[in-house]
Amino acid sequence: MLPIFLSELTQIFRNRSVLITSFVMPIAVSAFFLYQHDLFTQIGSLGYIAAIVMFTVCAFGLYASSVTTLASRRQNLFLKRLRSTAAGDAGILAGLVLPATAIALVQVTAIMAVLAAVTTAPDNIVLLALAVVTTAAMMVGLALATAGLTNSPEHAQVTTLPVCLGVVAVASWVGISGTEDLTLLKRLLPGGAATELVVNAWTGGVATTDSLLLLAPTLAWVFLAAVLASRLFRWEPRR
């Protein structure tokens, strides 16, 4: 797995389009929210800004990049060649998606650290970390499932759009309006419970046990994404 991981990490820094998707776009959006943090705090809260940053990076930097990478490696038969080596299927997939995952987690951590430095620190860092990790796991699972429906790197620009826009829209809706109304719907939508958890972790005022329950919907999405990925993921191009 390690050689695959290092190879993919090198490819990310060499591929200009993936580099823009993984770095430039998420950082640009995050920088805008950080620069206008007073405005967005009035609209939502500091937790809302943290949630938007998290989902922007995880959607465009992690999810979209992983789908593009997997589609590209399948198209050029690299996945097929890897399966002829001693590496197992799980190790191959882990090696391919871990670079984007690691980059996304570093980005989220760095951006949230800057947000905390220019505003106030989060009330519960452990809850915040749990929200970030489970969200990343959900996006990786969705990436594996979406890759099964994606025929090429160019096709990934289309297939990833609904999830990317969807989770950011849900995060904005929940972060701004809260979950007092339509509570169940907002929490069951992908990203809804994670957004509420980030808001609670940053602003405080909610019992830790109540916040921990918000992990359940995200973990359910992780499980569902894993099931979909096991059914949809393809190792070879369609004939």
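Residue numbers run from 1 in the order of the sequence given. Values reported hereafter were calculated over all heavy atoms of this structure, with side chains retained and with hydrogens, waters and symmetry mates removed. Because the structure is a prediction, the values reported are computed rather than measured.
- Using a 4.5 Å heavy-atom cutoff, the side chains of Q75 and N151 are not in contact.
- Note that CG of L96 and OG1 of T101 are 10.5 Å apart. Values are rounded to the nearest 0.5 Å.
- For the residue pair T135 and C58, the shortest heavy atom distance occurs at CG2-SG, 4.3 Å.
- In the hydrophobic clustering of this structure, V53 groups with I176; members are Ile, Leu, Val, Met, Phe, Trp, Tyr whose side-chain heavy atoms approach within less than 4.5 Å, directly or through other members.
- With sequence neighbours excluded, no residue forms a side chain to side chain donor-acceptor pair (under 3.5 Å) with Q157.
- Contact between A156 and T68 at its shortest, heavy atoms only, is CB-OG1, 3.6 Å.
- At distances below 3.5 Å, at least one donor-acceptor pair connects side-chain atoms of S66 with backbone N or O atoms of L62.
- Contacts classified as ring pair (Phe, Tyr, Trp, His ring centres under 6.0 Å) and involving residues 177-230 (residues at least two apart or in different chains) are not found.
- By the ring-ring contact (aromatic ring centres under 6.0 Å, His included) test, F33 pairs with F40, sequence neighbours left out.
- Sorted by first and then second residue, the side-chain hydrogen bond (donor to acceptor under 3.5 Å, both in side chains) pairs involving residues 190-199 (not counting sequence neighbours) are T179-E196, R187-E196.
- In this structure, the separation between NE2 on H155 and OG1 on T160 is 9.5 Å, given to the nearest 0.5 Å.
- Put simply, V29 and I43 are part of the same group of oily side chains (I, L, V, M, F, W, Y) that touch within less than 4.5 Å, one to the next.
- Applying the side chain to side chain donor-acceptor pair (under 3.5 Å) criterion to S177, with sequence neighbours excluded, gives K186.
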Pairs of donor and acceptor atoms involving the side chains of residues 137-149, under 3.5 Å and at least two apart or interchain, shall be tabulated with distances.
from	atom 1	to	atom 2	distance (Å)
T146	OG1	Y63	OH	2.7
T146	OG1	L142	O	2.7

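- Taking each heavy atom of S211 and V206 in turn, the nearest pair found is OG-CG1, 3.6 Å.
- Annotation for R81: atom CZ counts as buried by contact number, over 12 foreign heavy atoms lying within 6.0 Å.
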Let me have the donor-acceptor pairs involving side chains of residues 110-134, under 3.5 Å, with sequence neighbours excluded, atom names and distances please.
from	atom 1	to	atom 2	distance (Å)
T119	OG1	L115	O	2.4
N124	OD1	V126	N	3.2
N124	OD1	L127	N	3.1
T134	OG1	L130	O	2.8
T134	OG1	A131	O	3.2

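- Legend: side-chain hydrogen bond (donor to acceptor under 3.5 Å, both in side chains) pairs involving residues 23-47, not counting sequence neighbours: none detected.
- Nearest heavy atom pair, residue P162 against residue T159, reads CD-O, 3.5 Å.
- L188 and L182 are assigned to two separate hydrophobic clusters, defined by single-linkage of ILVMFWY side chains at heavy-atom distances under 4.5 Å.
- Side chains of F233 and L79 form a contact here, defined as non-hydrogen atoms less than 4.5 Å apart.
- Partners of L213 under the side chain to side chain contact (heavy atoms under 4.5 Å, CB included) rule, at least two apart in sequence or in another chain, do not exist in this structure.
- When all heavy atoms of L105 and T109 are compared, the pair lying nearest together is O-OG1, 2.8 Å.
- Summarising the geometry of M54 relative to V198, their closest heavy-atom pair is CE-CG2, 3.6 Å, with the distance given to 0.1 Å.
- D89 meets the side chain to side chain donor-acceptor pair (under 3.5 Å) test with R83; sequence neighbours excluded.
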Inset, instruction - Determine, step by step, whether L197 and L215 satisfy the side-chain contact (heavy atoms from CB on, under 4.5 Å) criterion, reporting the C-alpha distance in whole Å, the side-chain angles of both residues, the deciding distance to 0.1 Å, and the verdict. - result: CA-CA 8 Å; L197 181 57; L215 288 170; 3.5 Å; yes
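- Considering only residues two or more places apart in sequence or on other chains, P217 meets the side chain to side chain contact (heavy atoms under 4.5 Å, CB included) condition with A193.
- Follow the hydrophobic side-chain contacts under 4.5 Å out from F55 and you reach V222 in the same cluster.
- V163 and F60 end up in the same hydrophobic cluster when Ile, Leu, Val, Met, Phe, Trp and Tyr side chains are linked at under 4.5 Å.
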Show me the donor-acceptor pairs, under 3.5 Å and distance only, between side chains in residues 165-174 and residues at least two apart or in other chains.
from	atom 1	to	atom 2	distance (Å)
S172	OG	V168	O	3.0

